[in-house]
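Everything on this sheet refers to the single structure shown next.
Values below: every heavy atom of this structure, side chains too, minus hydrogens, waters and symmetry copies. In listed order, ligands and their atoms are each counted from 1. No experiment lies behind these values; they were computed from the predicted model shown.
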Amino acid sequence: MEIKSAFKRRGLLYVLSSPSGAGKSTIARMLMASDDGVAMSVSATTRPIRPGEVEGRDYHFVSDERFDAMVAEGAFLEWAHVFGHRYGTLKSEVIKVIEGGRDVLLDIDWQGTQQLKQVDPDIVRVFILPPSMEELERRLRKRGTDSEEVVRRRMDRAEAEISHWAEYDYVLINNDAEKCRELVHNILKAERLKANRRVFLHDFVRQLIGQGLVSAPDH
Ligand code: 5GP
């Protein structure tokens, strides 16, 4: 067996959830800039594209009919209704990232996280809380991309989203984006070292105790 492939580990599904406005997208972007071993799964959505968003980078923007067809084709690992639109994680996106040898970062809500946990119990779930509801509202307004009615609906929904915090493996409070990015990164780094994901360890330890000559990996 080639030693390099023997040291591969299983890619992980790393879920970030938070009420919208808690800084999750910023943290996701910062994480990817500081770690090239993780890439985002681009979801499909029926919601309209916002100014500044790019098709295929932020989302795959699809019609209701197309979304229906994708559901029928079994294209989704999970999907849910959020703010009157549908959002879903595409199997093809997750496979593309995993086959590229990277971990998958998923920005999905609590409903999607619950479904994904059923599909793959090994997922890592992180919930990001805002420091206060006032701060959350301030951040939503600062963004300025949504109408007043949408901001109100998002504030109403934030409370419902937050009520699911205890279903997550890690819960962080985003007082400071860089500090929060560092914690999200630390969690990822530690999770990568978990024994059950480092499938190469079986062969490595067999070699270690069975033979004198062992090429040790550097991580
Ligand atoms: P936004 O419209 O602000 O981009 O996203 C709204 C919410 O939809 C966010 O809380 C985000 O986490 C969630 N979301 C985005 N993509 C998916 C997805 O593929 N599945 C699920 N379940 N939620 C998603």
Side-chain angles (χ1 to χ4, degrees), residues 13-32 39-64 66-68 70-71 73-98 104-120 123-130 133 136-137 139-165 167-168 170-172 174 180 184:
L13 303 192
Y14 196 45
V15 173
L16 283 188
S17 295
S18 76
S20 102
K24 178 183 45 177
S25 328
T26 308
I27 286 160
R29 261 199 312 277
M30 289 164 84
L31 176 68
M32 285 188 295
M40 199 106 187
S41 156
V42 181
S43 294
T45 184
T46 58
R47 99 150 148 71
I49 191 164
R50 292 191 191 123
E53 286 185 327
V54 176
E55 157 63 35
R57 184 195 69 187
D58 298 291
Y59 285 104
H60 299 289
F61 295 94
V62 300
S63 64
D64 269 313
R66 180 76 194 113
F67 201 96
D68 286 340
M70 289 161 114
V71 171
E73 287 160 15
F76 293 115
L77 274 180
E78 63 74 31
W79 68 270
H81 289 274
V82 187
F83 311 125
H85 298 292
R86 286 180 291 172
Y87 295 78
T89 303
L90 292 160
K91 287 179 190 165
S92 55
E93 281 283 326
V94 170
I95 290 168
K96 188 174 75 187
V97 176
I98 294 279
V104 190
L105 186 61
L106 299 127
D107 169 348
I108 62 176
D109 80 333
W110 65 271
Q111 305 172 84
T113 308
Q114 282 188 353
Q115 292 175 48
L116 212 56
K117 181 74 179 171
Q118 301 293 319
V119 178
D120 179 3
I123 63 170
V124 179
R125 300 161 298 180
V126 178
F127 197 92
I128 299 174
L129 290 168
M133 295 311 269
L136 186 72
E137 185 164 348
R139 288 181 194 170
L140 275 180
R141 290 189 186 284
K142 208 172 104 191
R143 209 156 69 171
T145 52
D146 295 316
S147 67
E148 181 67 20
E149 190 211 325
V150 171
V151 171
R152 276 266 59 83
R153 282 216 325 260
R154 285 180 184 243
M155 282 307 290
D156 287 347
R157 202 182 143 95
E159 236 177 272
E161 184 84 28
I162 288 171
S163 71
H164 291 273
W165 67 273
E167 295 163 22
Y168 286 73
Y170 301 91
V171 180
L172 306 173
N174 185 13
C180 200
V184 168

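Every atom of ligand 1 is numbered from 1 in the order shown, and the set under 4.0 Å from a heavy atom of R154 is 2 (O), 3 (O). Taking a cut-off of under 4.0 Å to the non-hydrogen atoms of T89, the atoms of ligand 1 that pass are 19 (O). Per-residue contacts place A80 under 4.0 angstrom from the following atoms of ligand 1 (heavy atoms of the residue considered): 22 (N). Contact atoms of ligand 1 toward R47: 1 (P), 2 (O), 4 (O) (distance under 4.0 Å to a heavy atom of the residue). Set against the non-hydrogen atoms of G112, the atoms of ligand 1 under 4.0 Å away are 22 (N). Of all atoms in ligand 1, listed by their number and element, those nearer than 4.0 Å to a heavy atom of V82 are 7 (C), 8 (O).
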I'd like to know whether R66 forms a salt bridge (Lys or Arg N to Asp or Glu O under 4.0 Å) with E73, so could you lay out the CA-CA distance, the side-chain angles of the two residues, the decisive distance to 0.1 Å, and finally the verdict. CA-CA 10 Å; R66 180 76 194 113; E73 287 160 15; 3.6 Å; yes
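Here the two rings, on F67 and F76, have centers that are under 6.0 Å apart.
Taking each of H81, R50, E78 in turn, the one with a heavy atom nearest to atom 21 (C) of ligand 1 proves to be E78. Nearest residue to atom 5 (O) of ligand 1 from F76, Y59, F83 is Y59 (criterion: closest heavy atom). Nearest to atom 10 (O) of ligand 1 by heavy atom, out of K24, Q114, E161, is K24.
Of the charged side-chain nitrogens involved, at least one lies within less than 4.0 Å of a carboxylate oxygen, so that E93 and K96 count as a salt-bridged pair.
Contacts classified as salt bridge (Lys or Arg N to Asp or Glu O under 4.0 Å) and involving residues 17-31 (residues at least two apart or in different chains) are given here: K24-D107.
Not counting sequence neighbours, the partners of Y168 by the ring pair (Phe, Tyr, Trp, His ring centres under 6.0 Å) test are F127.
Listed for the T45 side chain is a donor-acceptor partner under 3.5 Å among the backbone atoms of R86.
Between G88 and ligand 1, at least one N/O pair is under 3.5 Å apart. Inclusion of D109 in the set of residues having an N or O under 3.5 Å from an N or O of ligand 1 is warranted. Here's the thing with D107: one of its N/O atoms is less than 3.5 angstrom from an N/O atom of ligand 1.
Residue E159 qualifies as open at atom CD: its count of foreign heavy atoms under 6.0 Å is 12 or below.
F83 does not carry R153 over the face of its six-membered ring by the limits of under 6.0 Å from the centre and within 45° of the normal.
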